[in-house]
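Proteins get letters first, then strands, A, B, ... in listed order; numbering begins at 1 in each.
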2 protein chains.
Amino acid sequence: MAQAGTVDRILDTAEVLFAQKGFAETSLRAITSKAGVNLAAVNYHFGSKEALIQAVFERFLTPFSLALDAKLDEMEASGIPDTPENVLGIVFRLALGTHPDDPQRAAIFFRLSGQAYSQPQGHLREYLHTHYGAVFARLQLHLHQAVPGVPPMELFWRVQFSLGAVIFTLSGMQSLQSISKADFNMDASTADITKRLLPFLVGGIQAEVPDQPLHKDK
Amino acid sequence: MAQAGTVDRILDTAEVLFAQKGFAETSLRAITSKAGVNLAAVNYHFGSKEALIQAVFERFLTPFSLALDAKLDEMEASGIPDTPENVLGIVFRLALGTHPDDPQRAAIFFRLSGQAYSQPQGHLREYLHTHYGAVFARLQLHLHQAVPGVPPMELFWRVQFSLGAVIFTLSGMQSLQSISKADFNMDASTADITKRLLPFLVGGIQAEVPDQPLHKDK
DNA sequence: TGTACATCAGTGAACGCGCGTTCACTGATGTAC
DNA sequence: TGTACATCAGTGAACGCGCGTTCACTGATGTAC
């Protein structure tokens, strides 16, 4: 990968920097200088910073969604039951990838996912919905079967809450790790944190839905 | 408030814009033009944008932490038990304030809290720890008594996860509301969402802690 | 009471900086005849 | 085989823009003598 082409070097570097600092906070100058390519190369190959972001998404999400589809096939074929642990566990293991100790990978995945939702302009979200909406819907269906007592809309929001917990935590990892170290004298790897996250999210997603109406509906 | 002084007009406007778009995304020109004051007035009265952010925090958090202290006094005096619902409920009601239908207020509170943690430079976090660390520690103590089975460090992380769920959701409210409307044909107010959040967070915080060691410890 | 000076809120214009983007250009490789 | 042209990856420098900040300045109010 040291001698990879310009396009791949840009994508490799951009992926890491975007995950570490976010899209807006990562300048093209930072990417190109770290990648050892000319500043103008990004606009030459991708057309714009926005298009580079989209390309990073595509290169990352395409293999992920294929793997997720395969895992769900496998799950259905072998009769593994739909429980919140199983469904979320699949996503987490895929997000951590084959290198569960690589602190970057899960952060990249969830941070990219999160940016897609919080992006004010819709085009990125629209792109993702078009290309990856089917897998996401399939995942949500399994989750719904795992917690049939939670109405779809409630589940929609709980998935958002979960995404928020994951993204916020992984985004602020550096700060949080130093607090964790100061208060408890203990380091915390990404793998540790995702293992702490799973029970928390499962507890939240399968929580009982209060049956009183939500708000002033007599 | 229409005829308030320059300093208050800046603070009022900055608070709203910071909550809507975040600190980095809100320019001094946006604040001063909306507030109807001169651009240079911010640096004249506060010294820098960073100091303005700190002033917004102070004006918001001082009454909040006083009210929280009072509520915890009240709770202890009247013998209301420490349950996750009660402890989180207090925070939520205070964050929503006296106007539970004001979509801004909760967003301001949680977004400000969140920025304090995710800020890469420590000075803002240090400032908050000095001025509001005591109330926060008291809150965490009550939460610990509400879920005695969860070790302190696990609880620390679960509070982070909760913060993340709240902040991420409220930050992306505009986007999420349009998705919610498109998929379920239903509007969602901030008050609705905080009501959905409470059971989710309670479920997550009181989830059982897996007793197997976390990672490769034999 | 009048005058000189100090203080202070507020202003308009400019400064330097980093940003994404653009543009004219180079040099290597492929293709047509 | 040689020559003219086309294509394309990559480059260095500049562009315009919005940003936070700075600076000289104004005008009103207070204070000293």
A:Arg59 side chain vs A:Gln54 backbone, donor-acceptor pair below 3.5 Å:
no
Using atom types as modelled and distance alone, determine if a side-chain donor or acceptor of B:Ser65 lies under 3.5 Å from a backbone N or O of B:Thr62.
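Pair found, side chain donor or acceptor close to backbone of B:Thr62.
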Tell me whether B:His45 contacts the main-chain N or O of B:Ala41 through its side chain, where contact means a donor paired with an acceptor under 3.5 Å.
no
Would you say A:His144's side chain and A:Gln140's backbone share a donor-acceptor pair under 3.5 angstrom?
no
So do the side chains of B:Thr6 and B:Tyr44 get within less than 4.5 Å of each other, counting heavy atoms only?
no
With a strict under 4.0 Å distance from non-hydrogen atoms of chain A, what nucleotide opens and what nucleotide closes the contacted stretch of DNA chain D, reading 5' to 3'?
D:dC8 to D:dA14
In Å and rounded to the nearest 0.5 Å, what is the CG to CG distance from A:Leu155 to A:Leu143?
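Separation between the atoms: 5.0 Å.
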If you apply the rule ring pair (Phe, Tyr, Trp, His ring centres under 6.0 Å), what do you find for A:Phe168 with B:Phe168, and how did you get there?
CA-CA 7 Å; A:Phe168 179 81; B:Phe168 179 82; 9.3 Å; no
If the plane angle is over 60° it's perpendicular, under 30° parallel, otherwise tilted; pick one for B:Phe57 and B:Phe23.
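Geometry flag for B:Phe23 against B:Phe57: tilted rings.
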Using the C1' atoms of five pairs at each end, what's the angle between the two axes of the helix from C:dG2-D:dC33 to C:dC33-D:dG2, to 10 degrees?
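The end axes of the helix from C:dG2-D:dC33 to C:dC33-D:dG2 are about 10° apart, to the nearest 10°.
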Please list residues of residues 37-44 of chain A whose heavy atoms come under 4.0 Å from any atom in DNA chain D, ordered by number; otherwise none.
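Under 4.0 Å from DNA chain D: A:Asn38, A:Ala40, A:Tyr44.
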Taking side chain to side chain contact (heavy atoms under 4.5 Å, CB included) as the criterion, tell me which of B:Leu141, B:Leu72, B:Ile205, B:Asp82 meets it with B:Val87.
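Per the side chain to side chain contact (heavy atoms under 4.5 Å, CB included) rule, the option paired with B:Val87 is B:Asp82, out of B:Leu141, B:Leu72, B:Ile205, B:Asp82.
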Walking DNA chain D from its 5' end, the first of A:Arg29 and A:Gly36 to be reached, judged by nearest nucleotide, is A:Gly36
Check B:Thr13 against B:Ala35 and note the closest heavy-atom contact, atom names and distance.
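Distance-wise, the nearest heavy atoms are OG1-CB, 3.3 Å.
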Identify whether any heavy atom of B:Thr26 sits under 4.0 Å from a base atom; if not, whether one sits that close to sugar-phosphate; answer base, sugar-phosphate or nothing.
sugar-phosphate
